[in-house]
Amino acid sequence: MFPCRDVRAFIEALEKEGELVRVDAEVDCNLELAAIVSRASAQDGKALLFERIKGYPEGYSFLANTLGSYSRVALALGLDKDTPAADIVSVCRQRIKTPLKPRLVSRAQAPCKENIHADEELDLFEFPTPFWHRGDGGRYFGTFHCLAVKDPDSSWVNVALCRLMIHSEGELGILMEPGQHTDLIYQKYKARGQNMPVAISVGQDPVNVIAASASFEAGVCEWDIAGALREAPVEMVACETLDMAVPATSEIVIEGEVLVDELKEEGPFGEFTGYYGGSRAPRPFIRINCLTHRHQPVHTGSLEGKPVLEDHIMSGLMASVSLENYLKGELNLGIKQAFVHPWGAGLGLIVSLKPRFPGYVNRVAHAVWSIKAGRAINFILAVDEDIDPTDLNQVLWAICTRCKPDRDIHIALRSQTTSLWPALTPDERRQGLGSKALIDATFPPEWPREWVPVVSDWWDYPEDIRARVESRWESYGL
């Protein structure tokens, strides 16, 4: 199945692996669809393909909870569905070492060109778009997509995942967080008095969205990362009205520009933190020039909210990849594992390591906070090498037994963070400015060996006893 050329091939792969449910009952886009996804996600449910949506033509469908489990992320990457999260991180770390440039194909080879609309034919309401949460400011068309913008000073194309709210048939509101690459590029266009071109692709090989959700440094093109992750170039086609390209097999493509001299009310939206984020406020918006789509398009979206949902799994894995790659590969800091656990909503990092000297953990923490992938990491939990960062039970045990608060909890003030962090005041949110904490749950490296408590668990039993118990396990009736 690997690589999947488009989302339709991925749907087939999920169905073959028993990871998809086709919902053929008629479902309303107004909250009902989202409520189904919410309950399914809470029960570790499968991907959901809604095939009959109230008020929309036969053949129009909506895919949700696409990557709502590590097994489906593994399948998207061409791995065995039982691959552990830590191994997925390791595979991704290896693959991104070899970025692959996209491959341009002709319009005749691009299914996304099957229907082309402009001017009075533009109508975002043609596609089933959920009203996700009761308190949302509108219908959010973009929650599982790729939004590409081009830096006006170079050839760099940045691909991101910014929320997109429908204002009208031909306009989309956009939230660009301060400090994020999309906003930094937008500020360049604004300084020039030029509108910023954007190309949005919806419904595609989910590996593209995985790459778009990641945090890389400026100058890195996520299309190249997507090619690396899938071990094959992303097939792209030229836009109709922009000097940009989009994935050729996209279900829906939107070409437009972000206006720099006009704002419209956008938000709020039930965000990845589990709270409504970005209160209603004047924000930039996209005026659409052209809209293309496949016959009977498959719209895709992601429910945001209280963890654990697919965004926490997908973005957490890629943050783990970036941070582990930096700490292990570039800085050689000797960490064993770095993991952004989905229950932390992307705001916390768990690092297992063996401290080399007093203050070593602080050095690791400040290295994390110095790069883009660590921008939203407000809490770093450092544990010894015997602790599995993917197991919160072990992590909590380490914190409660090895962390001495007056010695091991450190605060960094006036630090950049996500403006969607609920703990911030309104003024702090506008600046994207907060604080960060390191919780050091490692035994001090300067302690003599006899000071370090000995762990009493399964491995404390003699080897012959452990072997006997394992060999006789079934005879115990267990």
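Side chains included, hydrogens not; waters and symmetry mates left out as well; all remaining heavy atoms used. No experiment lies behind these values; they were computed from the predicted model shown.
- For L392, the side chain to side chain contact (heavy atoms under 4.5 Å, CB included) partners are H341, W343, I350, not counting sequence neighbours.
- Every side chain to side chain contact (heavy atoms under 4.5 Å, CB included) that P422 has, sequence neighbours left out, goes to T273, Y275.
- Summarising the geometry, atom OG belonging to S38 is positioned 11.5 Å from atom CG belonging to L33; distances are rounded to the nearest 0.5 Å.
- Here salt bridge (Lys or Arg N to Asp or Glu O under 4.0 Å) pairs that include residues 252-269, with residues two or more places apart or in two chains, are R163-E266, E171-K264, E262-R287, E266-R283.
- Annotation: K328, atom NZ; neighbour count of heavy atoms from other residues, nucleotides and ligands within 6.0 Å is above 12.
- By the side chain to side chain contact (heavy atoms under 4.5 Å, CB included) test, S41 pairs with V37, N65, L309, sequence neighbours left out.
- For Q180, the side chain to side chain donor-acceptor pair (under 3.5 Å) partners at least two apart in sequence or on another chain are K372.
- Partners of K188 under the side chain to side chain donor-acceptor pair (under 3.5 Å) rule, at least two apart in sequence or in another chain, are D151, D153.
- With sequence neighbours left out, V368 forms a side chain to side chain contact (heavy atoms under 4.5 Å, CB included) with L323, L327, L349, I377, I380.
- Residues passing the side chain to side chain donor-acceptor pair (under 3.5 Å) test with D243, sequence neighbours excluded: none.
- The ring of H133 has its center closer than 6.0 angstrom to the ring center of F269.
- Counting only residues at least two apart or in different chains, ring pair (Phe, Tyr, Trp, His ring centres under 6.0 Å) contacts with residues 178-198 comprise W156-H181.
- Between atom CD1 of residue I88 and atom OG of residue S71 there is a gap of 8.5 Å, rounded to the nearest 0.5 Å.
- Applying the side chain to side chain donor-acceptor pair (under 3.5 Å) test to residues at least two apart or on different chains, the pairs with a partner in residues 198-208 are S201-Q204, Q204-N208, D205-R230.
- Pairs engaging residues 99-120 under the ring pair (Phe, Tyr, Trp, His ring centres under 6.0 Å) rule: H117-H293 [sequence neighbours left out].
- Applying the side chain to side chain donor-acceptor pair (under 3.5 Å) rule to pairs touching residues 24-35 yields nothing, sequence neighbours excluded.
- Comment: E58 does not engage R52 in a salt bridge, judged by the lack of any side-chain N to carboxylate O separation of less than 4.0 angstrom.
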Please assess E17 against R72 for the test salt bridge (Lys or Arg N to Asp or Glu O under 4.0 Å), listing each intermediate value before the final yes or no. CA-CA 9 Å; E17 293 287 342; R72 293 199 287 283; over 6 Å; no

What do the steps show when you test R294 against D6 for side chain to side chain contact (heavy atoms under 4.5 Å, CB included), and what is the final call? CA-CA 12 Å; R294 298 182 70 163; D6 57 19; 3.0 Å; yes

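- Side-chain contact check for V220 versus N158: every heavy-atom pair is 4.5 Å or farther apart.
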